[in-house]
Colleague: 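Following this message is one structure expressed as structure tokens.
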Amino acid sequence: MNDGILKKTPLHDLHITLGARMVPFAGYEMPVQYPLGVMAEHLHTRSQAGLFDVSHMGQLRLYGDNRAKLLETLVTADVQNLPVGATRYTLFTNDNGGILDDLMVTNAGDHLYLVVNAACKDADIAHLRRIFGDDLEVQADAALIALQGPAAAAVMARLAPASTALVFMTSAGVQIGGHDCVLTRAGYTGEDGFEISIAGAQAMDLAALLLQQPEVEAIGLGARDSLRLEAGLCLYGHDIDSTTTPVEAGLPWAISKSRRLGGGFPGAELIQKQLAGGTARKRVGIRPLGRAPVREGAVLSTADGAEIGHITSGGYGPSVAGPVAMGYVTAANSTLGTPLNAIVRGKPLAVEIAALPFVAQNYHRS
Amino acid sequence: MSTVRFSEDHEWIAIDGDIGTVGITDHAQEQLGDIVFVEVPESGRVVAKGEECAVVESVKAASEIYSPVAGEIIEGNATLVDAPETANSDPAGAGWFFKIKLSDPSDLDTLMDESAYNTFVGS
């Protein structure tokens, strides 16, 4: 990883000024929390609006006449029928039906705009380059800022009146504070909100303008993780990876209807079989019944001690005011309410299968 | 006034005769962030110096608490279990973790005094 030298986002100096605790994450030096602290940052995002620097994520553009058709050979979405201005959550799959990355794809009119995970960025670029060649443009110097929470819409309406026309999973070019931005109504918290793509050189100005709004606080990666966990959203490399399929992961909705029938993406045959016949294991929500958090890696077993799964994400949910987790269990033990034990520090702790998400989604759908 | 000593694992121990009260330092609670769960040892348990004997969890991560001395646990702080955030708000007082009867008072010689600990965390 660049000989151990961490990369910096265009907002790096702002994080330092705000007093953030910086940690290495996916090759970048990123803010894990600000002086407010993870708990208060989480709760502020659920009640007001939080600003997140997610510039470490990969922003890519695909050009070429056949871009939609070509991208469909790699992902599970119906890209060819994606309307201009619409965004889809989709998956890069491998020949075994495993997930190589999860991503957002937007039809930006003259190109497709992709946002991919930071840790998968280099592999994704190589994967796309083989097919797209020079029609793949990596927006290496662009920043990505997320504004999330129930007050995000009011903040954005004040700064970019055109934003009011956007509903969940749509995107448009807008001006904010005199800067050209691409605004997508989406996020990773379960709340209404936006992701704003902007040239790196203008990102400090935009972030300062957003932080001047009374509803907005800067939020670190710590709260980003607890927010997405409560919202039941997968974290790549933890809840999904190249050994889990979209069906096992409970993401069949990320496979467009036409693609379920037509296939044509890597691993389609196996995934179609699983869609029809089910899978041996499933990703589920896990609710610890006591106060102790149950974290990634903990083994799940039945009352008689049989090991039937494991936790892939777990921690404390500030909005739930208790521990929350998700993980994989055998299909036979995946029914809501099934009592299980999670083995934590050698001791069995009572947990049960719970519905995801743990908090109601608050998306602006119409 | 009791003697207070500090470990490199960021525990404090206040000594009164052969009884020590153990907690985490202000520096430790600040590094951990919002504490949401605490597990304290049961009375009667005999622990070695450096043995894992309590757990503290923040929103993000779990950490172990090691006994800075050998001895027998005489009390775990039940109040802390019910209100784990006390370890953030009053780490040197109401946020204590457990009381221990020392089996070897010379264990204290290996610990730091307050000024040495302040130098340790400052470095």
Side-chain angles (χ1 to χ4, degrees), chain A residues 19-23 25 30-46 219-230 235 238 288-298 311 313-325 342-347 349 358, chain B residues 9-11 24-48 50-67 73 76-91 94-95 97-98 121-123:
Chain A
R21 186 180 302 166
M22 305 299 284
V23 297
F25 183 83
M30 298 297 290
V32 66
Q33 66 171 84
Y34 298 88
L36 202 53
V38 177
M39 186 93 81
E41 289 172 29
H42 176 116
L43 295 171
H44 184 86
T45 306
R46 289 257 187 265
I219 310 296
L221 290 183
R224 182 168 158 86
D225 192 48
S226 55
L227 287 159
R228 71 90 199 166
L229 173 58
E230 282 184 343
L235 175 59
H238 300 260
L289 301 182
R291 298 178 64 135
V294 172
R295 299 187 189 269
E296 182 178 0
I311 299 290
S313 281
Y316 182 84
S319 302
V320 171
V324 289
I343 311 303
V344 176
R345 294 178 283 271
K347 283 181 283 189
L349 299 185
F358 293 103
Chain B
D9 297 316
H10 307 287
E11 287 105 17
I24 63 171
T25 65
D26 188 54
H27 172 82
Q29 70 78 20
E30 199 182 301
Q31 289 297 310
L32 287 164
D34 303 301
I35 293 169
V36 296
F37 176 76
V38 164
E39 193 176 281
V40 296
E42 286 179 14
S43 54
R45 180 173 155 191
V46 175
V47 297
E51 185 174 325
E52 247 179 66
C53 63
V55 174
V56 55
E57 301 212 22
S58 66
V59 178
K60 273 299 280 176
S63 307
E64 285 77 34
I65 304 296
Y66 306 94
S67 182
I73 305 293
N77 185 357
T79 310
L80 185 61
V81 173
D82 289 335
E85 64 278 5
T86 313
N88 286 125
S89 58
D90 192 9
F97 276 63
F98 57 89
V121 294
S123 63

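Below, chain A is the first sequence line, B the second, and so on; all start at residue 1.
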Colleague: Of the backbone (N, CA, C, O) and the side chain (C-beta and beyond), which part of B:Glu39 lies under 4.5 Å from a heavy atom of chain A, both, or neither?
Modeller: side chain
Colleague: Which distance, rounded to the nearest 0.5 Å, do you find between the CD of B:Glu85 and the CE of A:Met39?
Modeller: 8.0 Å
Colleague: Where does B:Val55 contact chain A at under 4.5 Å (heavy atoms): side chain, backbone, both or neither?
Modeller: side chain
Colleague: Identify which part of B:Ala62 has an atom lying under 4.5 Å from any heavy atom of chain A, answering side chain, backbone, both or neither.
Modeller: both
Colleague: Which heavy atom in A:Gly222 sits nearest to a heavy atom in B:Lys60, and how many Å separate them?
Modeller: CA-CD, 4.0 Å
Colleague: Before giving the answer on side-chain contact (heavy atoms from CB on, under 4.5 Å), spell out for B:Val59 and A:His42 the whole-Å C-alpha distance, their side-chain angles and the decisive distance to 0.1 Å.
Modeller: CA-CA 10 Å; B:Val59 178; A:His42 176 116; over 6 Å; no
Colleague: Could you pull out the closest heavy-atom pair between A:Arg345 and B:Phe37, with the gap in Å?
Modeller: NH2-CE2, 3.7 Å
Colleague: If I compare all heavy atoms of B:Asp34 with all of A:Gly37, which pair ends up nearest, and what's the gap?
Modeller: OD2-C, 4.0 Å
Colleague: In terms of heavy-atom pairs under 4.5 Å with chain B, which of A:Pro293, A:Gly315, A:Pro318 leads?
Modeller: A:Pro293
Colleague: Output yes when A:Arg295 and B:Glu57 qualify as a salt bridge under the 4.0 Å nitrogen-oxygen rule, no when they do not.
Modeller: yes
Colleague: Check whether A:Arg21 reaches the backbone of B:Gln31 with its side chain - one donor and one acceptor, N or O, closer than 3.5 Å.
Modeller: yes
